[in-house]
Amino acid sequence: MAVIQANEATFKNEVLNAQGTVLVDFWADWCGPCRMLSPMVDRVASRVENAKVVKVNVDDNMALAQQYGIVNIPCLIVFKDGKEVNRSVGVIPEKSIEELLKA
Amino acid sequence: MYDIVIIGAGTAGMSAAIYAQRGGKKSLMLEKLTYGGQIINTPDIENYPGIAHISGYEFSEKLYRQASDLGVKLEHGTVSSVEDEGGLFKVKTGDNSEFTGRAVILATGARNRHLGIARENELVGKGVSYCAACDGMFFRKKDVAVNGGGNTALGDALYLAGICNKVYLIHRRDQFRGAERDAEKLKVLDNVEFVLNSTVTKLNGDTKLESIDVTDKNSGAVKTIPVSGLFVAIGQEPENGAFANLVNLDAKGYIVAGEDCLTGHSGVFAAGDCRTKSLRQLTTAAADGAVAATAACEYIDRL
């Protein structure tokens, strides 16, 4: 599925009010591991049909990062019907990203 | 069937790939995470000859593009075993894929050493970090600790001192291994406190890190330091257990090989941080890649 950029204004609508599975990738431009993980997340997004993929730039959306207690990036959080069901920090293999979605 | 199977796509592995492909050998890189290796965590590289400044991410991208333009293949998987079947090497990965090569270059690198204490893994992402450059900003105006005494620890402490309220630098010895210049800089900062001859022995906090217990090596005294972040910079450790059947490992797990990158097992070469060596840097990893791949090409030509 397509990858959507979200911010503080759109997060509620794109993630919390969304039905089903949403994978959120919290990242920043200056974070090398984030930039390595990002294309892996994109490839997973292009393969899976049943999950929406959302990216949040933590520099522009610090309040969201604080709200979710994010202190390490890259950080992937999986939401199901608006509720957090899974979380992972650091670079992980693409297969592990897909595993996260199955929780 | 490949000429050379390179295990690891960090700086050593990708440098080896460039030399292998230019040497006319069909090569494959097997990588468990993503190409780049440890250097992707480094925001500023300023000691690579000929490049005054580049980020680790950009460096990795350029190196990968250079290698892939020469035709090297990249596959993802964690190598579980390498078997020598009469001069042909069968390389198996965790998902049961199998690759065959006439020669193997082990370029597995090293990973951040963990403290090895209770709750460490559980608190990663909740206060425990191995990358100050990635995570420091989340601790703006907070109290944090850095554990370690090498260049990484000192650099982390300097960086964090600029953004955090207070930085405790915890080191198990009374002197730092890292650059004297950085240690001197830290000494004069008001918000940096050295906690020497001490180790981190306990991590406290319910859902996130709230404090650490630090034990003085000499007196045995334990003190609790309230911090919301702990940056662990106590060095690297190799991951070569899967190759113990093939090559000799030293007591720390590094592959025993000299500057010629020869392992003692015909057709198996070791390059970069994964082998025994005195200086683990980008330049020495790149140099090893060249040496190992050239030796592998010559080995194949003699077959």
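Within every chain, numbering begins at 1; the chains are lettered A, B, ... in the order of the sequence lines, protein sequences first and strands thereafter. Fair warning: this is a prediction, and the values are worked out from it, not measured in the lab.
Without hydrogens or angle criteria, A:Lys52 side chain to A:Glu14 main chain gives a donor-acceptor distance under 3.5 Å.
Side-chain atoms of A:Thr10 and A:Asn13 form no donor-acceptor pair, as typed in the model, at a separation below 3.5 Å.
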For chain A against chain B, print all donor and acceptor atom pairs separated by less than 3.5 Å.
residue, atom, partner, partner atom, Å
A:Asn72, OD1, B:Gly125, N, 3.2
A:Asn72, ND2, B:Val128, O, 3.3
A:Asn72, ND2, B:Asp135, OD2, 2.9
A:Ile73, N, B:Asp135, OD1, 2.9
A:Lys95, NZ, B:Asp95, OD2, 2.6

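The ring pair (Phe, Tyr, Trp, His ring centres under 6.0 Å) search around A:Phe26 returns none, not counting sequence neighbours.
Annotation: side chain of B:Val200 is not in contact with side chain of B:Val232 (no heavy-atom distance under 4.5 Å). When side chains are defined from C-beta on, A:Ile73 counts as touching B:Phe138, because their heavy atoms get closer than 4.5 Å.
Of the two parts of A:Ala28, neither the backbone nor the side chain holds a non-hydrogen atom closer than 4.5 Å to a non-hydrogen atom of chain B. Residue contact with chain B, scored on non-hydrogen atoms closer than 4.5 Å, is absent for A:Leu37. Both the backbone and the side chain of A:Met36 have a heavy atom closer than 4.5 Å to some heavy atom of chain B.
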Would you sort out whether A:Leu23 and A:Ile97 count as a side chain to side chain contact (heavy atoms under 4.5 Å, CB included), showing the intermediate values?
CA-CA 9 Å; A:Leu23 172 67; A:Ile97 300 174; 3.9 Å; yes
Residue pair A:Val54, A:Phe79: steps toward the side chain to side chain contact (heavy atoms under 4.5 Å, CB included) verdict
CA-CA 11 Å; A:Val54 172; A:Phe79 292 86; over 6 Å; no
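Scanning both residues, B:Ala17 and B:Ala67, for their nearest heavy atoms gives CB-CB, 4.2 Å.
Per-residue counts of heavy-atom pairs under 4.5 Å with chain B were compared for A:Pro93, A:Pro33, A:Gly32; the largest is that of A:Pro33.
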